[in-house]
Asker: 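There's a structure below that I have some questions on.
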Amino acid sequence: MDADTAIGGRGDHFPSTQLSLLEATASSLSSEALDRVITIYWKPVYRFIRLKFHKNNEDAKDLTQGFFATALERDFFARFDPEKASFRAYLRMAVERFAANQHAAAHRQKRGGDIEFEDIGEQAVSGESPEQVFEREWQRQLFCLAVDDLRAHSDACGKQLEFQIFQAYDLAEGERPSYAELASQYGLPETSVTNYLAWARRMMRSFVMERLRGTTAGWRELRDEMRRLWS
Amino acid sequence: MELSDSVLDHLRRVAALPDLSGTRYELETEIGRGGMGIVYSARDRVLDRRVALKVLDLTPAGEAQLIAALEHPAIVPVYEAGTLPDGREFYAMKLISGARLDAYLAEQPTLAERLRLIWRVGEALAYAHSHGVIHRDLKPQNVMVGKFGEVYVMDWGVKAIAGTPAFRAPEGPVDQRSDIYGLGALLRFVLPDPNPPALAAITAKAMRADPAGRYPDVPAFLADMERFEQGMAVQAWPEPLWHRLRRFAARNAVLLWLLAAYTFAKFLIFFLRKF
């Protein structure tokens, strides 16, 4: 399978305190609400379409763009009912319906033509269903954005060292250094290392919450989504 | 920034942990998840004892104040409430070592022991109701049985809790009679199969769909349970004559045996005299 797109990967904006999704929609901020949704969901939607409908990179990108463009045109948020499902579930079902229709239309055009080979390699390797991949990418995107927010916040308030410690420990691939090793490397007492880590994690948690708040419809959905994220 | 699966899992785990810096507690391990938050075991460094620490998810729910106002042997005492540096509300309470009701039943307790549990839960409910507090989410997972048989009702409800389907009253706005429904469901849950029809009738009355058809309050429910335990007729069941006679016989077995023995002796004497 060809490489994934780089679109939808970064969120460089430091988040202001965000209105909930419904508040934003109700106050005629639909385009702003859609921006937030796209920032978090572009990649999960793209990956979901790739796996579910076996699309290549370009087709999946087109379908993802098409989905969000249609969502904007067709008053997508107004039809969301938080009593029936979480926004995440609502969006995934809408994507599935949209992509299935597009996929069926493309098949009708091709009927009678060449045999189409389906690439199921990546799905077989990961062992995850497209729905699981969608959720996983949603989690990944939220944390990616929160880490970016944390970096920007650390720079803004002169806490670069705290971020470096966080990066060296919590973002380390493979074996993590010990607190003592980090203390010696940065010339700090060990308690400072744990305090810096506690600060960074606390801030990261609050940034995740802020990002989630912008794409949920109230505190109950926010609570449920957070539980899903942590568990 | 791209995060690998292993880093993502690590971040999810550390972001969920409560930040206890600046508090007197050291985190040990997660022991359960309740309606509004996660419960951890922790060590109180000042008093050198283990406590249960409930960390609430989001909005302050007033849960700690709600429970702290209730002083009853079957309601877990709250030691302290506060706010963590990460903004989450928490409260520390007595750490109960024992089993949840559903796990306790696996030990095959007797019917009398099962009824005693329900009785203790009912007493705690009656006490809470007298203070204007409704539980809202009675279920086996919210009842703990301690090592010495003590019973604790946990997770006292706050407005956000909607209840657990199998134990939830069907009506919308909940009141004390919704808890009576939950108590009936709890009784049904602990009863062995087959169970005495009088107890099944108490359960059915407590769980009527129409709240007006249920017991008016918890003491009325407990009174009917007490009637059963004393071998008397329960209000919930208009028992058939044969059952009433059988119950009478069971309650007055000694008297009936004496009467039978006396009658037999009289007959014996009568026949001996005759022949």
Side-chain angles (χ1 to χ4, degrees), chain A residues 4 6 9-12 43 126 128 133 136-151 166-167 169-176 191 194-209 212-213 216 218-231, chain B residues 1-23 25-27 29-40 45 54-63 82-90 136-137 155 157-164 172:
Chain A
D4 279 346
R10 281 187 63 89
D12 288 322
K43 270 214 161 151
S126 74
E128 287 183 314
V133 168
R136 186 85 179 153
E137 289 304 317
W138 165 71
Q139 293 169 349
R140 195 189 316 278
Q141 193 61 10
L142 272 170
F143 274 94
C144 283
L145 292 167
V147 170
D148 287 339
D149 293 341
L150 176 62
R151 188 200 311 270
F166 168 78
Q167 192 167 26
Y169 190 83
D170 280 338
L171 300 185
E173 291 287 354
E175 199 176 331
R176 293 193 162 73
T191 49
T194 52
N195 287 342
Y196 288 1
L197 275 176
W199 176 84
R201 289 168 180 175
R202 191 162 69 234
M203 294 311 298
M204 179 184 67
R205 181 187 167 87
S206 69
F207 289 131
V208 169
M209 265 181 70
L212 262 181
R213 197 190 309 277
T216 48
W219 80 267
R220 188 174 297 199
E221 189 187 347
L222 177 59
R223 180 196 66 187
D224 293 345
E225 292 291 71
M226 281 177 63
R227 283 192 165 187
R228 210 169 169 89
L229 207 56
W230 308 147
S231 60
Chain B
M1 154 81 41
E2 268 297 326
L3 300 174
S4 68
D5 283 354
S6 65
V7 172
L8 175 61
D9 287 339
H10 172 76
L11 291 181
R12 287 174 62 205
R13 193 178 62 76
V14 297
L17 293 175
D19 176 6
L20 297 182
S21 55
T23 72
Y25 304 104
E26 269 172 29
L27 198 68
T29 184
E30 181 180 324
I31 54 178
R33 287 176 183 240
M36 298 295 289
I38 303 175
V39 184
Y40 300 89
R45 282 191 296 260
K54 182 157 186 178
V55 180
L56 302 172
D57 287 334
L58 280 175
T59 317
E63 189 177 336
T83 307
L84 297 177
D86 63 16
R88 283 182 282 177
E89 303 271 323
F90 78 96
R136 296 167 190 268
D137 194 20
D155 236 0
V158 284
K159 289 196 170 65
I161 300 292
T164 302

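Owing to the predicted nature of the structure, the values given are computational and were not obtained by experimental measurement.
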Asker: Taking atom OH of Y169(A) and atom NE2 of H10(B), what is their separation to the nearest 0.5 Å?
Answerer: 6.0 Å
Asker: Are any side-chain N or O atoms of R140(A) and backbone N or O atoms of L3(B), one a donor and one an acceptor, separated by less than 3.5 Å?
Answerer: yes
Asker: Quick check on L11(B) against chain A: is it the side chain, the backbone, both or neither that has a heavy atom closer than 4.5 Å?
Answerer: both
Asker: For D5(B), is there any backbone N or O sitting under 3.5 Å from a side-chain donor or acceptor partner on R136(A)?
Answerer: yes
Asker: As an exercise, state the distance from CZ of R12(B) to CZ of R205(A), rounded to the nearest 0.5 Å.
Answerer: 13.0 Å
Asker: Using every non-hydrogen atom in the two residues, find where V7(B) and A172(A) come nearest and quote the distance to one decimal.
Answerer: CG2-O, 3.7 Å
Asker: Quick test of your reading of the model: are D170(A) and R13(B) salt-bridged, counting only N-O distances below 4.0 Å?
Answerer: no
Asker: With a 4.5 angstrom heavy-atom cut-off, which part of S4(B) approaches chain A: side chain, backbone, both or neither?
Answerer: both
Asker: With heavy-atom distances below 4.5 Å as the criterion, would you say the side chains of Q139(A) and L8(B) are in contact?
Answerer: yes
